There are 2 protein chains.
Amino acid sequence: MKDVVSSCPIEEAMRVLSGRWPTLLLYYLKDGTKRFSDLRRDNPTVSHRILALELRKLEVAGIVRRTAHAGYPLRVDYDLTAPGLKLVPLIDALGDWWEDTEDDRAGRVSSSAETRLVAAE
Amino acid sequence: MKDVVSSCPIEEAMRVLSGRWPTLLLYYLKDGTKRFSDLRRDNPTVSHRILALELRKLEVAGIVRRTAHAGYPLRVDYDLTAPGLKLVPLIDALGDWWEDTEDDRAGRVSSSAETRLVAAE
DNA sequence: CCGTGGTTACAGAATAGTGCGTAATTTACA
DNA sequence: TGTAAATTACGCACTATTCTGTAACCACGG
């Protein structure tokens with residue numbers, strides 16, 4: 001994945017939203033503030049390390065806000081920023097699109113999918 | 001990327017849209033029918049192998065239609081299916097969101113991003 | 001010792017790129 | 001006239017790069 005300085009907003013947006021976790025984290029955070037360990041419990045298949053990395057990526061992108069409370073036992077909260085909140089309905093729309101078009105997309109996996117053959121003229 | 005049979009439409013949608021190319025291909029295909037070599041020219045950094053794989057993925061997902069014309073020199077057309085067309089405005093909305101929230105996301109890369117410190121109560 | 005949030009080191013898995021081969025027809029050129 | 005080369009859309013094998021997981025460690029109060 002080279003940089004290629006895309007200048008295309010779609011490509012840039014996808015750079016941070018791509019992958020399995022970003023949208024899931026958005027999904028869980030839309031209900032409100034969560035802590036690191038909450039998010040781990042929400043989806044137990046993400047590794048400790050990756051969760052930290054993904055959260056950091058979203059934080060740097062300005063989608064998630066990280067709030068570290070001083071003192072011990074160490075406590076950190078995560079919630080969505082204003083842009084993050086604005087993103088949620090778009091993600092939801094994507095989910096709706098997937099469901100609404102399910103019949104039409106006709107996940108015909110075993111056959112040759114959508115391919116059609118046309119005789120040469 | 002394990003399977004985990006998500007049952008979450010967002011996760012499933014992201015499984016096919018994740019990565020650098022799917023949205024880009026959508027972008028180029030929204031103008032109309034394109035051939036394999038056209039798409040290669042549109043974004044020269046994608047390798048032929050990956051382009052073929054990505055197109056096949058979108059085809060199986062029912063977003064792109066592949067039309068192979070019989071005879072040589074082999075000719076194949078790609079265009080969007082109805083679900084694919086419906087997806088385009090959502091992708092565009094994502095790009096708009098990225099642009100519109102640019103100031104607010106404040107890409108403060110060098111500093112500690114959004115992190116804030118709060119004194120313990 | 002435990003739990004919290006996080007980082008680093010190393011290993012293994014997944015993904016991407018490179019180059020070669022293929023098919024039938026047209027064109028190129030000695 | 002004969003044959004070599006180009007064309008198109010890939011598939012395959014091999015390598016390079018990148019990503020992800022595991023485990024260990026840190027800080028500290030309880």
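Both backbone and side-chain heavy atoms feed into the values below; hydrogens, waters and symmetry mates do not. All figures in this text were calculated on a predicted structure; none of them were measured in a lab. A, B, ... follow the sequence lines: proteins, then strands. Residue 1 opens every chain.
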Considering residues at least two apart in sequence or located in another chain, which fulfil the salt bridge (Lys or Arg N to Asp or Glu O under 4.0 Å) criterion with R41(A)? D38(A)
Ionic contact status for E59(B) with R65(B), cut-off 4.0 Å: no
Carboxylate-amine/guanidinium contact D92(A) K30(A), below 4.0 Å: yes
Within the structure, does a side-chain N or O atom of Y78(A) lie under 4.0 Å from either OP1 or OP2 of dT4(C)? no
When the distance from CG of L51(B) to P of dG17(C) is rounded to whole Å, what number comes out? 11 Å
What is the separation between atom CZ on R75(A) and atom P on dT4(C), rounded to the nearest whole Å? 12 Å
Between dA16(C) atom P and W21(B) atom CH2, what is the distance in whole Å? 10 Å
Answer whether the closest heavy-atom distance between the side chains of L29(A) and L39(A) falls below 4.5 Å. yes
Please report, rounded to the nearest Å, how far the P atom of dT22(D) is from the CG atom of L53(A). 14 Å
Hey, is the main chain of G84(B) close enough, under 3.5 Å, to the side chain of T81(B) for a donor-acceptor pair? yes
Are there more than 12 heavy atoms of other residues, nucleotides or ligands under 6.0 Å from atom OH of Y28(B)? yes
Out of dT8(D), dG21(D), dT7(C), which has the shortest distance to the side chain of A52(A)? dT7(C)
Close residues, residues 27-43 of chain B, relative to DNA chain C [heavy-atom separation under 4.0 Å]: none
When rounded to whole Å, the CG to C1' distance for the pair L55(B) and dG11(D) reads 15 Å
For the side chain of V76(B), starting at C-beta, report the closest nucleotide among dG5(C), dT20(D), dC10(D). dC10(D)
For I50(A) and for D77(B), find the nucleotide of DNA chain D with the closest heavy atom, then tell me which residue's nucleotide is more 5'. D77(B)
Nucleotide dA14(C), atom C1' - distance to CD of E54(B) in whole Å: 14 Å
In this structure, how many angstroms lie between the C1' atom of dT7(D) and the NE2 atom of H69(B), rounded? 16 Å
Hey, is the main chain of G19(A) close enough, under 3.5 Å, to the side chain of R15(B) for a donor-acceptor pair? no
Using a strict 4.0 Å threshold on nitrogen-to-oxygen distance, state whether K34(A) and D79(A) make a salt bridge. no
Give every pair of a protein N or O atom and an N or O atom of nucleotides 19-21 of chain C that lie under 3.5 Å apart, one pair per line with the distance.
residue, atom, partner, partner atom, Å
dG19(C), O6, H48(B), NE2, 3.0

Describe, in one word, how the ring planes of F36(B) and Y78(B) are oriented to each other, choosing from parallel (under 30°), tilted (30 to 60°) and perpendicular (over 60°). tilted
L74(B) has an atom CG; how far is it from atom C1' of dT26(C), in whole Å? 15 Å
